[in-house]
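Structure first, then comments.
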Amino acid sequence: MVIRNDLAGKVAFVAGGTRGIGFAISKLFAQSGAMVVCCGSTAASVAACAEAASSEALAIEAIKLDVEQADAAKTIIGDAAARHGRLDILVSCAGRAFRGSALDTTTEDWDRCLAINLRAPFLLSQAALPHLSHQQGSIVFIASIWAVTATANRVAYIVAKSALTALTRALAMDVAPSRVRVNAVAPGYVDTEFLRASLLAANPGRDPGQILDEAAARHPLGRIAKPEDIADAVLYLASDRARFVTGQTLIVDGGLTTQFGLSDFATKSIPNNSE
């Protein structure tokens, strides 16, 4: 079912595209005319994605993949390009938030956080670029508002997402001669199962609706994002409408980071998770 033609005839690979923000991206891409190959880290998310795609007659293939496995990722991306005859778009949405201050973050958590949120997007890009260069394609990374500001007890995550925006700029320059564009989207609070679970874990016994209302009130636009809000931004950057945009990070946060004293909003009652 195509409802718009921004990506007509294109093939997209969406890492982390089986749930949450990633699934919203996969779905919108398919609705925009693309053939979408997406991956998830669990069999349950892959099955749910495949079922949803089938029920709506969307051109989405869901595959189980741990993005930290570089060889497997390279093979799956290569197979997808061969199977569909091209690869035009890579979206790297797979990620995980890590808690911990500079004093209590373990070496293992530091390494794992950077492996998931920085190393994996880089290796996915390396695997996809030989195919993208044939189509003058595009890469979109999913960063976070914590790439452009900071709060306490997120040191590894903030460093990883900040480095991801640096990778966006550096990679954009490296691949510009091939006319491949590289950009990032930095979401703020997004209403996903992950965010709701985090809110409940941090606020046991409280009404989840009230917690979400409190989070919404902290945004100038009066609400937190829906996954579709992020997907729309990604679609723009991935499409030919952004043909002269590269090396940029687009913040999609309802105006949250434009406010003075952002740290005032990073309270314990609202966990700082954006994915």
Side-chain angles (χ1 to χ4, degrees), residues 12-26 36-50 60-83 87 89-100 105-132 139-144 146-147 154-168 170-171 174-175 182-187 190 192-195 197-198 230 234 273-275:
F13 189 91
V14 183
T18 60
R19 62 181 177 178
I21 295 171
F23 179 65
I25 294 168
S26 296
V36 179
V37 180
C38 64
C39 68
S41 60
T42 67
S45 70
V46 170
C49 176
I60 298 176
E61 295 177 0
I63 298 171
K64 187 176 183 298
L65 171 68
D66 181 348
V67 294
E68 294 180 76
Q69 298 176 350
D71 290 341
K74 184 176 182 179
T75 297
I76 286 178
I77 288 175
D79 288 347
R83 190 163 61 253
L87 182 65
I89 300 162
L90 169 68
V91 178
S92 179
C93 188
R96 177 185 163 192
F98 282 74
R99 297 173 181 271
T105 294
T106 65
T107 302
E108 291 76 15
D109 277 352
W110 177 272
D111 290 345
R112 185 81 195 282
C113 182
L114 267 66
I116 295 172
N117 295 297
L118 180 61
R119 181 177 179 269
F122 173 65
L123 294 176
L124 288 167
S125 300
Q126 281 192 321
L129 277 168
H131 310 286
L132 296 174
I139 296 173
V140 183
F141 296 125
I142 303 302
S144 167
W146 304 113
R154 294 289 187 280
V155 63
Y157 187 69
I158 289 169
V159 168
K161 289 297 188 178
S162 298
L164 187 59
T165 63
L167 175 62
T168 300
L171 192 58
D174 276 356
V175 301
V182 186
N183 294 288
V185 171
V190 184
T192 62
E193 292 181 8
F194 178 82
L195 177 64
S198 297
I230 311 306
V234 175
N273 296 313
S274 60
E275 299 170 5

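No hydrogens, no waters, no symmetry mates; every other heavy atom, side chains included, goes into these values.
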Original post:
Got a donor-acceptor contact below 3.5 angstrom from the Asn183 side chain to the Ile139 backbone?
Top reply: no
Subject >> Distance in Å, Cys49 SG paired with Arg19 CZ, rounded so as to fall on 0.5 Å steps >> reply: 11.5 Å
**OP:** Decide yes or no for Phe23 and Cys38: does some side-chain heavy atom of the first lie under 4.5 Å from some side-chain heavy atom of the second?
**Re:** no
Subject >> Smallest separation among heavy atoms of Tyr157 and Trp146, with atom names >> reply: CE2-CD1, 4.1 Å
**OP:** Kindly compute the distance separating NZ (Lys74) from CG (Leu123), expressed to the nearest 0.5 Å.
**Re:** 10.0 Å
**OP:** Go through the structure and list residues passing side chain to side chain donor-acceptor pair (under 3.5 Å) with Thr18, not counting sequence neighbours.
**Re:** Ser45
**OP:** Please tell me if the side chains of Ser41 and Val67 come closer than 4.5 Å, counting only heavy atoms from C-beta onward.
**Re:** no
Subject >> Side-chain heavy atoms of Leu167 within contact of Phe122, under 4.5 Å >> reply: yes
Original post:
Just how far is it from atom CD1 of Ile21 to atom OG of Ser26, taken to the nearest 0.5 Å?
Top reply: 12.0 Å
Original post:
What heavy-atom pair brings Ala81 and His131 nearest, and what distance separates the two atoms?
Top reply: CB-ND1, 3.6 Å
Subject >> Glu61 side, atom CD; Asp79 side, atom CG - distance, nearest 0.5 Å >> reply: 10.5 Å
Original post:
Hey, are the side chains of Leu164 and Asn117 touching, using non-hydrogen atoms and a 4.5 Å cut-off?
Top reply: no
Original post:
Under the side chain to side chain donor-acceptor pair (under 3.5 Å) test, which residues partner Glu68, sequence neighbours left out?
Top reply: Arg112
Original post:
Quick one: are Val91 and Phe141 in side-chain contact, heavy atoms under 4.5 Å?
Top reply: no
Subject >> Atom pair OG1/CG of Thr75 and Leu65 - distance to nearest 0.5 Å >> reply: 9.5 Å
Original post:
Can you find a heavy atom in the side chain of Val140 that is under 4.5 Å from one in the side chain of Ile25?
Top reply: no
Original post:
Would you find a donor on one side and an acceptor on the other, under 3.5 Å apart, between the side chain of Thr105 and the backbone of Trp110?
Top reply: no
**OP:** Using side chain to side chain contact (heavy atoms under 4.5 Å, CB included) as the criterion, list what pairs up with Thr165, not counting sequence neighbours.
**Re:** Ala143, Ala147, Arg169, Thr249
**OP:** State the NZ-CD1 distance between Lys64 and Ile76, to the nearest 0.5 angstrom.
**Re:** 9.5 Å
Subject >> Residue pairs involving residues 120-130 (criterion salt bridge (charged side-chain N to carboxylate O under 4.0 Å, His left out); sequence neighbours excluded) >> reply: none
**OP:** Tell me, with the steps shown, if Leu171 and Leu129 meet side-chain contact (heavy atoms from CB on, under 4.5 Å).
**Re:** CA-CA 10 Å; Leu171 192 58; Leu129 277 168; 4.1 Å; yes
Subject >> Test side chain to side chain contact (heavy atoms under 4.5 Å, CB included) applied to Asp111 - qualifying residues, sequence neighbours left out >> reply: Thr107
**OP:** Evaluate side-chain contact (heavy atoms from CB on, under 4.5 Å) for Val46 paired with Ile63, printing each intermediate quantity in order.
**Re:** CA-CA 6 Å; Val46 170; Ile63 298 171; 5.8 Å; no
Original post:
Does some side-chain heavy atom of Val14 sit less than 4.5 Å from a side-chain heavy atom of Val37?
Top reply: no
Original post:
Among all residues two or more places apart in sequence or in another chain, which pass the side chain to side chain contact (heavy atoms under 4.5 Å, CB included) test with Ala128?
Top reply: Ile77, Leu87, Leu90, Leu132
**OP:** Could you go through the side-chain contact (heavy atoms from CB on, under 4.5 Å) check for Phe98 and Val155 one step at a time?
**Re:** CA-CA 8 Å; Phe98 282 74; Val155 63; over 6 Å; no
